[in-house]
Structure formats: structure tokens, C-alpha cells
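Here is the structure we will look at, set down as C-alpha cells.
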There are 2 protein chains.
Amino acid sequence: MSQDMPPLSALRAFEATARLGSVTAAAGELHVTHGAVSRQLRSLDEHFGTPLFTKAGRGIRLTHQGEQLQRGVGDAFSRLRESCAELKRSSEEGPFVLNCPGSLLARWFIPRLERLHRELPDIRLQVGDSDSELDPRHSEAGATLLFSEPPYPAELGVIELAPENICAVARPDQAERFDSQDPATIFTRPLLHTRSRPQAWPQWAQAHGLDEARLAQAVEAGQGFDHLYYLIEGALAGLGVAIAPRLLVKDDLASGRLIAPWGSVETSGRLCLLLPHYVSHRRGEQLAAWLQRELNP
Amino acid sequence: MSQDMPPLSALRAFEATARLGSVTAAAGELHVTHGAVSRQLRSLDEHFGTPLFTKAGRGIRLTHQGEQLQRGVGDAFSRLRESCAELKRSSEEGPFVLNCPGSLLARWFIPRLERLHRELPDIRLQVGDSDSELDPRHSEAGATLLFSEPPYPAELGVIELAPENICAVARPDQAERFDSQDPATIFTRPLLHTRSRPQAWPQWAQAHGLDEARLAQAVEAGQGFDHLYYLIEGALAGLGVAIAPRLLVKDDLASGRLIAPWGSVETSGRLCLLLPHYVSHRRGEQLAAWLQRELNP
DNA sequence: ATAAAGTGTGACTCCAGCTCACATGTTTGT
DNA sequence: ACAAACATGTGAGCTGGAGTCACACTTTAT
């Protein structure tokens with residue numbers, strides 16, 4: 001690759017000067033003084049070993065070599081400007097991609113999407129399932145919604161939206177088995193679980209002062225699922241007691257499709273919105289604000 | 001004109017990284033550290049508000065937006081490189097334009113061109129008459145050969161090649177009218193002159209201690225010419241005595257076509273080669289050295 | 001396990017490129 | 001003929017953007 005390119009800033013100065021036919025005008029466009037442009041042009045002359053402009057009256061005029069250079073360089077800069085403008089536009093007006101775990105997407109976000117679109121019509125959100133790419137650093141998304149807990153990696157812009165409350169839920173037809181004053185009555189039913197959150201049940205047991213060994217036994221007896229989403233479906237199907245973030249079963253509790261006999265426990269986890277440093281501020285913050293409102297009425 | 005272009009150096013870093021698929025490789029090509037490239041890329045992410053690369057394994061991969069940008073930017077940079085290389089080539093290998101006054105060109109340079117081409121075969125000199133554009137700042141030439149005198153404008157690279165000697169010349173058939181011991185015998189013939197060098201005769205008269213008034217009268221009597229070249233032709237035609245730089249009549253004196261009864265007078269003028277600051281050193285200095293040799297044997 | 005390769009980033013440094021002020025040359029209006 | 005406005009070139013001096021260095025972290029290979 002030919003490695004003797006002149007400084008790019010000098011080429012930009014040349015392009016503007018050649019296009020506008022004036023050093024001063026170019027300086028205006030580039031928001032620098034005419035002296036700065038004049039130096040850049042001189043450095044180009046030296047680089048190419050040939051004059052690009054000559055004086056003409058009180059202004060300047062392209063030399064033959066200058067015209068030759070102008071053809072290619074003018075094209076190249078148009079192309080550059082066009083590409084950058086296009087990307088900028090598609091980044092500002094194109095869909096804003098928000099990734100979040102499938103369970104959160106299905107059980108909390110999708111039911112609220114219509115309201116989101118109504119209240120933030122210009123955000124053109126595109127939601128995606130992030131279970132395949134757990135690490136937001138590998139994702140192309142503009143933002144990621146997920147449960148996490150401190151300490152957060154410093155390079156990610158983490159906004160804590162709400163504390164995570166987990167609760168044990170079951171179908172209402174099993175209500176009589178459970179005593180809301182006695183957490184141990186939970187052991188009358190199998191404990192549904194998922195491999196992706198092995199600490200969920202132990203955490204709950206500790207908060208309610210239950211014996212870990214007996215808990216492990218009950219977990220053993222319950223069905224395992226690959227995914228939190230299916231876990232909750234298991235509870236709805238009456239297979240046993242599921243453990244889930246309160247957020248995901250909020251609507252089911254309100255409608256009476258599920259019950260949470262022992263309330264919910266706040267964990268050290270938080271529902272977080274990850275806005276990478278580079279993300280467009282306007283839309284990212286609009287979204288964060290909307291989520292805050294929606295989560296903390 | 002859309003004025004929110006990212007820094008060009010960042011775009012160059014992006015282009016190299018996208019093309020080579022590696023930050024480190026791009027850093028190598030740009031002769032900087034990988035850290036420098038990494039920062040540039042980050043600044044681009046921030047400018048566009050969208051990620052251009054994601055991590056992939058231990059390397060990186062273009063995102064969708066990155067690919068979009070790469071198409072245009074890659075093209076633009078190819079174009080830029082191509083244009084610059086083309087101009088550089090035509091400036092280094094193309095003809096080297098030397099301008100000089102028509103009289104010098106015709107009466108001194110052209111007879112020596114063949115030797116120049118033989119001794120400096122790769123210089124591909126193109127000589128032009130500069131009488132229309134006297135000021136080298138308005139010319140497109142790579143170099144200018146001309147008579148000038150100090151002080152020289154600072155911004156021009158002036159190389160003094162030889163002192164200017166002027167002499168009064170006439171046709172040999174008029175030799176008996178002139179006494180080489182008595183300059184006043186010059187007034188036996190009309191004094192040919194040119195408007196472009198009104199000070200030539202007075203200078204000569206002063207050097208030989210002649211009366212200015214009588215000189216003015218003799219000049220009045222002589223034919224005037226537009227151009228030094230025709231002035232010498234006038235002397236060759238026997239119209240009177242011409243005044244000219246010794247260099248221009250050197251060959252005619254040697255061959256006996258002209259005589260210079262009173263020798264020559266050194267003036268404060270110098271034959272100079274003007275090499276603008278930007279000119280390719282190699283060829284400019286080769287030419288200067290050859291001229292030095294040719295003028296001062 | 002251990003090494004090697006690749007990328008990201010905090011802290012610091014430095015010089016490329018800018019501004020300022022002035023000089024010089026050109027055009028235009030009166 | 002003169003002055004004023006316009007345009008570019010340049011010496012001196014300053015500053016912030018861009019680079020280096022060193023280290024951390026992750027992934028791949030041996």
C-alpha cells in the first residue's frame with residue numbers, strides 16, 4: 001500500500017479551497033483562520049513537490065496539477081461526506097435496537113410496547129432477544145436491558161432502574177397448601193428451577209430462614225427448565241412453585257393467574273439499562289426515563 | 001454543506017482497521033500503537049452514536065453499521081490514495097518546467113540544450129518563455145531563470161548563479177570607428193535600446209565616465225525595441241551599438257559576429273535560478289549544479 | 001497450567017496545527 | 001491619485017488533540 005499520503009487535514013483544506021476558489025472562504029467553512037489553511041496548502045505543495053495554486057489577481061487559481069488533484073480528491077471527499085451523513089442519519093433515525101432477556105421481553109416488555117410506542121413515537125424501538133449473546137460487549141445493540149448486580153464493569157454506562165425482587169409463585173388453586181406465615185409450607189410442592197439462576201432458591205431460603213439441605217431436596221424434586229420463561233409457564237401449568245423476579249409475574253399476580261404467598265424479597269441485583277458510551281444521548285435517555293417511570297409508578 | 005464530519009484521522013484509522021480486520025494490523029500500517037487506533041475508533045463510535053465494531057473472539061468484527069460505513073469510506077480512501085499517487089508520480093517523473101526570458105532562452109539556452117539533455121537525461125526539462133508572466137509567483141513553472149538583483153523576496157528560493165556583465169556590442173565592420181581606449185567614440189554610432197531595461201545605458205555610461213546628457217541624446221537617436229532579443233538582432237544587422245548581458249552575446253563574440261570594443265562591466269545584477277520552496281529537491285539541485293558548471297567553466 | 005495474541009484504558013507527554021498580528025499585493029470606489 | 005477593502009503569506013508563540021507507555025482483561029493455542 002502506497003504509504004506516502006499527505007496529511008489528511010491538508011487534503012481537506014485543499015479540497016475546500018479548490019471547491020470554493022478562495023483560501024478565506026475555505027477557512028470559514030473549516031472554522032479556522034485563513035492562515036491555518038494557507039499553511040496546510042503550503043505543506044501540500046512541499047509534499048507533492050509542485051505548486052497546486054498560483055496567485056491570480058488578489059485571489060488564487062488552481063494550477064494544472066491542482067486541477068488534476070482536485071478531480072480525484074473532490075470525488076473522494078464527496079463520497080466521504082455522503083457516507084458519514086448516511087450513517088449518521090440511519091443511526092439517528094433508524095431503529096434503536098434494545099436487547100433484553102427473552103423472559104423479560106415476553107412477560108413484561110411486550111405487553112407494554114404499545115404504550116411505549118404511543119408515548120415515545122419517534123424512538124422506533126426494535127427489541128431483540130439477547131439470550132444468545134449475553135455479553136453486551138459482543139452485541140450490536142444500542143442498549144441492553146438486563147438483571148445484574150454491582151460492581152459493574154466501568155466501561156459500560158450502567159443505569160440502575162429498579163431493585164430486583166424475587167418471589168415464589170404458584171397457581172391460585174394451590175393456595176390452601178401454603179401458610180403465608182410459615183415459609184416452610186412451600187415444601188408441600190416441588191420447586192421448579194432453572195440452571196441459569198442456580199442461586200435463586202438458596203437466596204430465597206436464606207431470606208426466609210429455611211434449612212438449605214431440605215431446600216436442595218425439594219429443588220431436586222422439581223422440574224428443571226432451560227429458561228426462566230418456561231419456568232414461569234411451569235408454575236402457570238400447576239407443576240409446582242417457581243421462583244422469579246417480581247417484575248416478570250407482576251401482571252399475572254394482578255390478574256390472579258398466579259399468587260405469591262410469601263411476598264417478595266429484595267436482592268442485591270438490579271434491573272439495569274446498559275447504554276454504551278457511544279450511544280446517542282437523546283434516545284438513550286428518553287428510553288431510560290420512560291423505563292424509570294414505568295417501573296416506579 | 002453537512003458540517004459534522006468526524007475527524008479525518010479517525011476515519012483513516014477506521015478504514016485501515018476495517019480493511020485489515022485488526023486494530024493491531026491497522027496500527028502497524030499507520031505507524032502508531034494499537035492504543036492510538038483504539039482511541040480513534042472509540043471517538044468514531046461516539047460521533048456516530050453507534051458501535052462500528054464488536055468484539056469477536058480475541059479480535060473484532062464489523063457491525064452492520066460498520067459495514068455500511070466501510071463501503072463508502074473504503075472507496076473514498078482508495079480514490080484519495082490513487083489521486084495522490086498519480087500526482088506524485090507525474091510531479092516526479094513528468095516534465096520539469098523551467099521558465100526563462102525569451103532572449104536568454106534563444107541566445108544562450110537553446111544552443112546548450114542538447115548538452116543538457118545528454119548530461120542530465122532524466123530531467124526531462126521543458127523550457128518556456130516567461131516574458132508574459134514576469135512574476136514567478138504567478139507562474140506554474142517548477143523553476144525560473146532570470147536576471148535579478150538583491151534584495152530578493154524572502155519566500156523565493158533564490159540561487160545566484162553568476163554576476164551579470166553587460167557590454168556594448170556592434171558588428172565587426174564598424175570596428176574602426178571605435179577606440180577601445182576612448183569610450184566616447186561610441187557616440188559615432190546610434191545607441192540601440194529597449195524599454196524593458198532603461199537603466200542599461202546610463203549604467204554603462206557611468207562606469208565609463210561619460211556625460212549623461214550626451215548619452216541620452218545618442219540613445220534618442222537609436223532605434224528602440226520591445227525586446228532584448230530584437231535589440232541584439234539590431235546590432236547584428238549593423239543598426240548601431242547594442243547593450244546586452246555578456247551571456248547573451250557570448251557565442252557571437254566568440255565566433256566574431258559581434259565585437260565588444262570596451263569589454264564588459266559587472267553590474268549589481270545576478271543571473272538567478274528561482275526554486276520555489278516546494279520544488280522537488282533532486283531535480284532542482286541537479287539543474288542548479290549543471291547551470292553553475294556551464295556558467296563558470 | 002502457561003504462554004501468546006489481541007484489545008481497552010488511565011496517566012502523562014509533546015508537537016502539529018492553530019491563532020494572532022503584521023506585511024504585502026490587488027482591486028475598487030471616489 | 002488616493003484610500004479603503006479585500007485577499008494571501010508568514011514569524012512567533014501557545015495549546016489541546018493525538019500519541020506513547022504500561023497495565024488489565026479476555027480468548028486461543030500449546
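Atom set for the values below is all heavy atoms of this structure, side chains included, hydrogens, waters and symmetry mates excluded. Note that the structure is a prediction, hence the values are computed from the model and not measured.
Residue A:S22 has no polar side-chain atom (N or O) positioned under 4.0 Å from OP1 or OP2 of D:dA7. In this model, the phosphate group of C:dA16 is not approached by any side-chain N or O of A:Q40 to a distance below 4.0 Å at OP1 or OP2. The side chain of A:R42 places no N or O atom within less than 4.0 Å of a non-bridging phosphate oxygen (OP1 or OP2) of D:dG9. Proximity of B:S38 to the phosphate of C:dG8: a side-chain N or O atom is located under 4.0 Å from OP1 or OP2. For B:T33, a side-chain nitrogen or oxygen approaches OP1 or OP2 of D:dT20 to under 4.0 Å.
Rounded to whole Å, the distance from CZ on B:R61 to P on C:dT7 is 14 Å. Atom CG of A:L52 is separated from atom P of D:dT8 by 15 Å (rounded to the nearest Å). Taking atom CG on A:L44 and atom P on D:dG9, their separation rounds to 13 Å, with Å as the unit. Atom CG in B:L8 sits about 15 Å away from atom P in D:dG17, given to the nearest Å. For the pair A:R58 CZ and D:dT8 C1', the computed distance is 12 Å after rounding to whole Å. Counting to the nearest Å, the P atom of C:dG17 and the CD atom of A:E46 are 13 Å from each other. The distance from atom CG of B:L41 to atom C1' of D:dA18 is 14 Å, rounded to the nearest whole Å. A straight line from NE2 of A:H31 to C1' of C:dT19 spans 16 Å, rounded to a whole angstrom.
Without hydrogens or angle criteria, A:D45 side chain to A:L52 main chain gives a donor-acceptor distance under 3.5 Å. Side chain of A:S91 to main chain of B:F48: a donor-acceptor pair is present (N/O by atom type, distance under 3.5 Å, no hydrogens or angles). For B:R270 (side chain) and B:T267 (main-chain N/O), a donor-acceptor pair under 3.5 Å exists by modelled atom type.
With a 4.5 Å cut-off on side-chain heavy atoms, A:R71 and B:S83 do not count as touching.
Of the two residues contacting DNA chain C, namely A:A36 and B:G21, the nearest-nucleotide position lying further toward the 5' end is that of B:G21.
Taking 4.0 Å as the cut-off between side-chain N and carboxylate O, B:R81 and B:E86 do not count as a salt-bridged pair.
The base of C:dG6 lies outside donor-acceptor range of the side chain of B:H34, with no N or O pair under 3.5 Å. Contact of B:R39 with D:dG17 (side chain to base): no donor-acceptor pair of N or O atoms is detected under 3.5 Å.
Here the side chain of A:I60 is nearest to one of C:dG17, D:dA18, D:dT8, namely D:dT8. Distance from the side chain of B:K55 is smallest for C:dG8 among the nucleotides C:dG8, C:dG17, D:dT8. When the nucleotides C:dT28, C:dC18, D:dT8 are ranked by their closest atom to the side chain of A:T24, D:dT8 comes out on top. Taking the side chain of B:V32 as heavy atoms from C-beta on, and the options D:dT20, C:dG8, C:dG17, the nearest nucleotide is D:dT20.
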